[in-house]
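Working notes, structure below.
In listed order, ligands and their atoms are each counted from 1. Predicted model only: the values in this text are computed from it and were never measured.
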Amino acid sequence: MKIINNIVHMQALAIAPEREGRRIAFVPTMGFLHEGHASLLREGRTRGDVLVLSIFVNPIQFGKNEDLDRYPRDMERDCQIAEACGVDIVFIPTAEEMYPPGFQAGVAVRDLSLPLCGTSRPGHFDGVATVVAKLFNIVRPDVALFGSKDYQQLAVIRRMTADLNMPVEIVGMPIVREADGIAMSSRNAYLSPLERQSALCLIQAIRRARELFAAGERSIAVLMKETVSVIGQDATAVIDYVEFRDGSTLQELEVADDSTLLALAVTIGKTRLIDNTVLGEKL
Ligand code: PAF
């Protein structure tokens, strides 16, 4: 497994497989890898001849008062997981090289970036789209894999790739959950044992909505009331948003169907957690 820190070096390594017709599979991450990332890497391994993982805590997708400085990092462990998943190249660029003085270009996916996390994290998806576009130009993947826990991120990246004719196949992978149902996230590391218990309210709310939907309930007003009330039972949980939206356009709805997305963002203590489900799909 090669570890590459330099952009030109990474680009040079990407050109050889391209010329030889070998496919590059790419998993972009911010590190502190967990089983969710490992599932992307294992799938990537089956879809490409060369598997590239990037680890880069992207400063431009964090707001001023967010957790950029304390975002968890463990490069040694990440490299062990990468090696075990069959990664060929780990690309770990520096922020100085990614964003040198004078940097000012950017990619914005307008409408899809506005609701849900875009409302509480203005500019976040511009930062994501921009870094993913840069990483695609550096790694030159044929296929890139992303987790569905960041549902809106995946929608933004799919739109960007289609709209800008990027020759990359985007693969969305199912959410990987802990045994008790909590969605895996690097940010779970922030939770104290008590907060970890409170964090269960997200999956409990999702289960309740799914249960009602399975029993035939289609009114978003009713589904919303029930979902919010499950979260409300935990005294420490603060709702950022609970939204039922069209699974492709992310537009608001009044009536749910199989492709309706339920997306949640809830703060427990100082940690903002997100989760989601598509009502007609398997959890
Ligand atoms: O999902 C993430 O870890 C990040 O948002 C991504 C896609 C690697 C861009 O920094």
| Among Lys149, Lys134, Gln153, which one has a heavy atom closest to atom 2 (C) of ligand 1? | Gln153
| Any N/O pair Thr29/ligand 1 closer than 3.5 Å | no
| said: Less than 4.0 angstrom from a charged side-chain N to a carboxylate O is my criterion; do Arg272 and Asp240 meet it? | reply: yes
| Charged N-O contact under 4.0 Å between Arg47 and Glu43 | yes
| What residues form a side-chain hydrogen bond (donor to acceptor under 3.5 Å, both in side chains) with Asn58, not counting sequence neighbours? | Gln61, Tyr99
| query | Looking at Asp163 and Arg158, does any basic side-chain N land under 4.0 Å from a carboxylate oxygen? | reply | no
| When only distance counts, is Asn58 in polar contact with ligand 1, meaning an N/O pair under 3.5 Å? | no
| With a distance cut-off below 6.0 Å to the six-membered ring centre and an angular limit of 45° from the axis, does Arg73 pair with Phe32 as a cation-pi contact? | no
| note | For Gln61, the ligand 1 atoms with a heavy-atom partner under 4.0 Å come out as 4 (C), 5 (O), 9 (C), 10 (O)
| Val131: numbered ligand 1 atoms lying under 4.0 Å from its heavy atoms | 9 (C), 10 (O)
